[in-house]
Amino acid sequence: MALIGDKEFFKGIGEIKYEGRDSDNPLAFKFYNPEQVVAGKTMRDHFKFAMAYWHTLCGTGGDPFGPGTKSFPWAMASDSVKAAQDKADAAFEFITKMGFDYYCFHDYDLVDEADTLSKSEERIQGIVAYLKEKQEASGVKLLWGTSNCFSNPRYMNGAASNPDFNVVARAGAQVKIALDATIALGGENYVFWGGREGYMSLLNTDMKREQDNIGRFLNMAKDYARSQGFQGTFFIEPKPMEPTKHQYDFDAATSINSIREYGLENDFKLNIEVNHATLAQHTFQHELQVAANAGMLGSVDANRGDYQNGWDTDQFPNNVLETAEAMLVFLKSGGLQGGGINFDAKTRRNSTDLEDIFLAHIGGADTFARALLIADAVIQQSPYESLLNKRYASFNSGKGAEFSAGELSLTDLYDYAKGKGEPEQISGKQELFENIINQYV
């Protein structure tokens, strides 16, 4: 295990190994076996698991009703640069002990924002140099970078969509710095999440101008990155609400429409978050399928919401059945295009032991691994695929095939229907499909 620095933050915790489902060791994988081949690829390659800098290292458990409950040993230094280095040491210790290959960050997760843009850039450049050493020593890679253009009060009315050009320009400068950092670290992708790219009231909003400005902004960022040699994929991460009432990237379908409208389809795909999908009143698997249908299934933020809470709780995934249904889409779509599975999830406010961070990530990885095994077994061993194909068999021959090939007119449909009489009622067999999934869980 390659570590730089003179501290061990997670004392008493060694490398997390796969021990199988019968193991009673809480600090071991029960289902995630990185080298196990499933559907032609190892689990490691399917998932490309990544640690989220913001929740894992920065989230101290604060909520609207109280301050944080967690005191992290890497957050003790009063000097911002030293604190950033300690955080990086903790990050790479954690990632290597977990056996993961990737991490993700927002710019100011890495180091605190300074009081001027120039000083902030200097800080980021300094921590990037430190992180490059960490990457070279450990082999850990950057899955994607992004910029936090939503927390600072200057972005209260949005970033790229802001009605004040001065704020739009500041957001552009911040994105440039974040792109430079991502490129310097060999980042494989770059994400745009429009945290406040939306509006609360149409009365004071020129929606068309704001959306056009976002499209223009994304093209500028893409053009700059390409000019600097960035070969990776850009992702948009849909979210329906919270904090803005009407989010411009509401869901996968909305985001795909925007990507196409502004000519970004050759460079952009989607980063689908589970909890964002459910906030949009969709399922995770629905959003994956919409993205896959458009050839834009790029990456995943793995978490879950709470059925009793109506906000983005970012809990670690543990629902095997729901994840198995999502993995059916994942496998049938050929997996992710460029991205991986980033644990955009946080331990609960009252989970205050450092060990809990490991337990949460182990559980999340095992949930996805078990779901992948189930989905593969369903596809390979059950009648699921043949039953699904049977439902649409009428489009495989005769007039149905002609319709699918675009060879019929509306009059042709009229003539055909007139000669056939009332169609036969055919069951959707939903319960049978559900039972098949349950059989393999």
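Remark: side-chain polar atoms of Asp107 are paired, donor with acceptor, to backbone N or O of Asn148 under 3.5 angstrom. When atom types are taken as modelled, the side chain of Arg349 and the backbone of Thr69 share no donor-acceptor pair closer than 3.5 angstrom. Counting only distance, with no hydrogens or angles, the side chain of Ser147 and the backbone of Cys149 share no donor-acceptor pair below 3.5 Å. When atom types are taken as modelled, the side chain of Ser386 and the backbone of Pro383 share a donor-acceptor pair closer than 3.5 angstrom. Put simply, the side chain of Tyr262 gets close to the backbone of Gln211: a donor and an acceptor are under 3.5 Å apart.
Paired with Lys239 under the rule salt bridge (charged side-chain N to carboxylate O under 4.0 Å, His left out), one option of Asp301, Asp344, Asp312 passes, and it is Asp312. The residue from Phe94, Tyr103, Phe49 that alone fulfils the ring pair (Phe, Tyr, Trp, His ring centres under 6.0 Å) condition with His361 is Phe94. Screening Arg196, Arg170, Gln174 for a side chain to side chain donor-acceptor pair (under 3.5 Å) involving Tyr155 leaves a single residue, Gln174. Checking Phe150, Trp144, Tyr53 one by one against His106, the ring pair (Phe, Tyr, Trp, His ring centres under 6.0 Å) holds for a single residue, Phe150.
Put simply, the side chain of Ile236 reaches to within 4.5 Å of the side chain of Ile259, judged on heavy atoms. Side-chain contact between Arg304 and Phe316 is absent, with no heavy-atom pair separated by less than 4.5 Å. Between Leu388 and Phe433 there is a side-chain heavy-atom pair separated by less than 4.5 Å. Residues Asp251 and Glu287 have side chains in contact (heavy-atom distance under 4.5 Å, counting atoms from C-beta outward). In this structure the side chain of Trp54 never reaches within 4.5 angstrom of the side chain of Lys346, judged on heavy atoms. The shortest distance between side-chain heavy atoms of Asp212 and Arg209 does not fall below 4.5 Å. The side-chain heavy atoms of Leu110 and Leu131, taken from C-beta on, include a pair separated by under 4.5 Å.
The aromatic rings of Phe192 and Tyr190 sit perpendicular to each other, their planes meeting at more than 60°, with 30° as the lower class boundary. Aromatic ring orientation, Phe10 versus Trp74: tilted (interplanar angle from 30° to 60°). Ring pair Tyr199/His246 is parallel by interplanar angle, where below 30° counts as parallel and above 60° as perpendicular.
The ring of Phe230 has its center no closer than 6.0 angstrom to the ring center of Tyr224.
For the residue pair Glu434/Gln430, the side-chain donor-acceptor check at 3.5 Å is satisfied.
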